[in-house]
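These notes are about the structure you will find just below.
Only a predicted model underlies this, so the values are computations on that prediction, with no experimental measurement involved.
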Amino acid sequence: MAILEPGMIMPELLERAYGGLEIVNETHRTTAVLNMLAGVALPLVSESTWSGGQRHLVPLLELCIPGIDLVCIDPLTVRVWSAQYYSQNDPSKTMCTTMFIVSVVQHIKLGDLTKFTSGISYSSNDANVIMENDFDIRQDADTDVPSLSKEESRSIVRETTASFAGEADWVTSLVRRILALYENLPEEGGRRNTTGGKQEEGVLKSIKAMMDVVCLHLSDELFNLVLNLLYDYATTNAKSNAVTAFGQLIACMARVKPEETMAKFLPYCISQIEEEIKHGASSVRTTSSHAAIPSDTTLHWNLSILRGCLGFGGTVLLNYKQQILSLFMLLVDKTKSERGYTSTGRLITRTLHTLAETYPTNSRFVNSDVWVDPAFNKDHNIHWGRLYNPEDVAIQWHVPNNDEINFVFEILDHVFLPATNKVESLLNNTSRWDNVDRNDFCRYLAVWGGLSTFFKEQPKEVINPCLNEVELAEMVVVPLDVNAGFTLEDASDHRYQKAAAYRLRYGDICQRAAFALRQKIGSEDHIDAVIGVTRAIDTFMLGYGLNRSDFDSLQKNYDQARDANRFWIKQRENSRLVFLKRAQVYHSGRVYMHSLYRRRSALDDRLLEELVELSLSPYTRVRRQAQNVLNNVCGYYVRSTRFILPSIFDALGKGSDPDRIKGALYLLWNKGTAVVKVLTLIKFRSYSKSREELWLDEWRNPLAQDVEITNSENFMLGFDESLDFTGGLYVDKIRTGFLAWTSTIKAYRAVEASSGIEFEPESQACLTVIRDIIMNSDYYAKLFLLWMQESGKSGGTIELRKENILFIKSLGNAQARKYLAEYCVVRVEVTHHTERSQSILRFQALAEIIAE
């Protein structure tokens, strides 16, 4: 509505918006207003959409700054430094504020126009063009509210931009507000060194996304102002609760102007790190996650800033090549605490990705040639809200050049190679390891973080294709070999061969380390080392191309940005940022194609075997870590599941260790009961009349029938009266809208003495084994004895678990159903005498499920 009739809608919305933002302690009203303003951002910023919106932009932005609440959500204490009272909606209000700022700032340039003389000359006709005033739709013809010409309206907008600049104006107020929020965050901690809980993490992510957009659209003058402000704060503070958050803020600046940001921070951070290490920072040897030692705060603070600086720039890093290389060698040698050496590994990995990967570099709302045009800088307000057609967007990409590639190899030669040599030497005497050896092993192994697109894999020699007697190798799915911007693709290039040799050596070290440490797993002292090896295997096997979760995240981000400015499905025009995100998704999709359907080499098979053994470990930490990695690996390597199944089945044999049995069952289960999955697959195969139906998912339940809907109103009125209305058929779910009905809905006929369903002959052997087990009376006694146990958690629920219900339903054949119902009734009577209330409810629910 704001797009179709802005002159009618926007004045009413703005009248309510000012009232909602001026009373910020009414949280629900404020969040509603911020969400509304984010939805009408384009009419606010675009002169062509609504001429009365631009002059309201700066006042609204100033009013929304208090929406960034300075609260610390601490389980022990709640500190509130703002004028508002704490409420549970404060984090959501902060996220709504950042969403509004992002939706507006992505369409404008933040710069003071009062310092320039407008380059636009108005003709007599243009000067007399009447612009819509705020309340023109509601005023009579003889209203006293003055109407503004185009020149007058633009002049007011230019004057409001003066509030962007200065020491106490909007941009600096926003930055100071964010720094104040950082100071009131809870301390970092936990297994992942996160800041607080989900609410704090959500707030920090939204602030990072906001500052990414704000920093991108700063004028040169404002960028230097913010850069100096952050430098002064970084050099006079070291906040343990804001280490990660402040590093992300510096990364937002480095993304825009990496050369200026690096020149400002790099020399200072390197000198501070050297000084801290000289005085013993990160010298306490640890191998597991822990809260950082207070004396190490300054080291981690500067490492986080460096991570932000080195995350962008590409060729700019070449100007500081020797300083960066020397710093990496020092950090690898001297950081001995777990947080210290993992931070070092992330810093090295981020630098390598900056040098060796392909990515877009400019996300501003106009093309680069327009942004640097002096005419644009004098009158950028007339470009606010500009939309592009896809063919008009010029995208700059970072593509690694020879100097950057050579720098990558220098890092590998001087940092990675010595570390792997030390790991290999340590593997020769694992039986005599002490705490120093274990720490050295973990920290040197953590140096390598992978280079996902540095070189393109060549076809592998598959030793064990895992084909049965009727399968052909030519019929196995193959990956799509599309151009994806890999840095090195020519296998005859000596640089390619060197990079491939480094990667293979790393994989071989991982396999040897896993095998050696498995032999010594009897001591808990080796658990952290085994966890490190498991992570290293994860890096080697999955650190290629792009993983599924990252690609899905990019797609979701693009969809949200596209839909925010799209008013109908076939609209071509959109903001430049949307088309840049689209290009990034297309590029990432090509990279993702290379990570799918990968072949297994002999080394890959050995690593899979090690992961299986680690997944059956007697130690829960090791088992869970390895199971998660193995689950992910099986999703990318062809026939990897079939390759590991024999080892899993062997672990389920009689006489096996209980821990190995639990590990094997979890691998088969994988977030779903294994028996349920087997029976579901048998059902699909039995219901399919042909292989084509099974392959195309076109199979149909033999009991299913379509009920024709001739009159939807009569159908709903008679639906609940009797089965005769549907011809004796049962309707499970109505998968149709309540306004527009489909012509038919799916129903099922009742099962008589015999359902007429016959399971396929190939599955009869499997069904016979399952039936023999479940028809044993001891089986249900043990099963229900396990399920009736009370929860050990304080907030344990009394409902049946979903997987248990599915399991019982899957076993519901005619013979088992009767036995199960009788058994549940007996158990309910017994548990009444023992007063186990949760068990009573569980067995009553089971009886009801079985009775259905």
- Item | Side-chain donor-acceptor contact under 3.5 Å, Glu276 with His300 | no
- Message: Would you say that more than 12 heavy atoms from the other residues, nucleotides or ligands in this model lie under 6.0 Å from the CZ of Arg624, or not?
- Response: no
- Task: Look at Asp440 together with Arg285 and state whether they make a salt bridge at an N to O cut-off of under 4.0 Å.
- Result: yes
- So, Asp528 and Arg621, do they make that salt bridge, N to O below 4.0 Å? yes
- Task: Tell me, please, whether Tyr636 has Arg548 positioned over its six-membered ring: NZ or CZ under 6.0 Å from the ring centre and within 45 degrees of its axis?
- Result: yes
- Aromatic ring centroids of Phe454 and Phe409 under 6.0 Å? yes
- Would you say the side chains of Ser452 and Glu357 form a donor-acceptor pair under 3.5 Å? yes
- Query: Which value, rounded to the nearest 0.5 Å, describes the distance between Leu426 atom CG and Asn439 atom CG?
  - Reply: 10.5 Å
- Task: Decide yes or no for Leu607 and Leu603: does some side-chain heavy atom of the first lie under 4.5 Å from some side-chain heavy atom of the second?
- Result: yes
- Does the ring center of Tyr233 lie less than 6.0 Å from the ring center of Phe246? yes
- Query: Salt bridge or not for Lys460 and Asp604, using N-O below 4.0 Å?
  - Reply: yes
- Quick check: are there more than 12 heavy atoms from other residues, nucleotides or ligands sitting under 6.0 Å from CE of Met593? yes
- Are Arg505 and Asp508 ion-paired here, with the side-chain N under 4.0 Å from a carboxylate O? no
- Tell me yes or no: between the side chains of Thr286 and Ser337, is some donor less than 3.5 Å from an acceptor? no
- Message: Would Arg503 and Phe540 count as a cation-pi pair here, with the cationic atom under 6.0 angstrom from the ring centre and within 45° of the axis?
- Response: yes
- Does a donor on one side chain sit under 3.5 Å from an acceptor on the other, for Arg495 and Asn402? yes
- Query: Quick one: do the Asp550 and Asn547 side chains pair a donor with an acceptor below 3.5 Å?
  - Reply: yes
- Message: For the aromatic rings, using the six-membered ring if either is Trp, is the centroid distance between Phe441 and Trp433 under 6.0 Å?
- Response: yes
- Distance only, no hydrogens: is a donor on one side chain within 3.5 Å (strictly under) of an acceptor on the other, for Thr349 and Arg346? no
- Under the 6.0 Å and 45° cation-pi test, does Arg623 pair with Tyr666? no
- Taking atom types as modelled, find out whether Thr298 and Gln272 have a side-chain donor-acceptor pair closer than 3.5 angstrom. no
- Query: Would you call Glu404 and Lys321 a salt bridge, using N to O less than 4.0 angstrom?
  - Reply: no
- Query: Does the ring center of His594 lie less than 6.0 Å from the ring center of Phe486?
  - Reply: yes
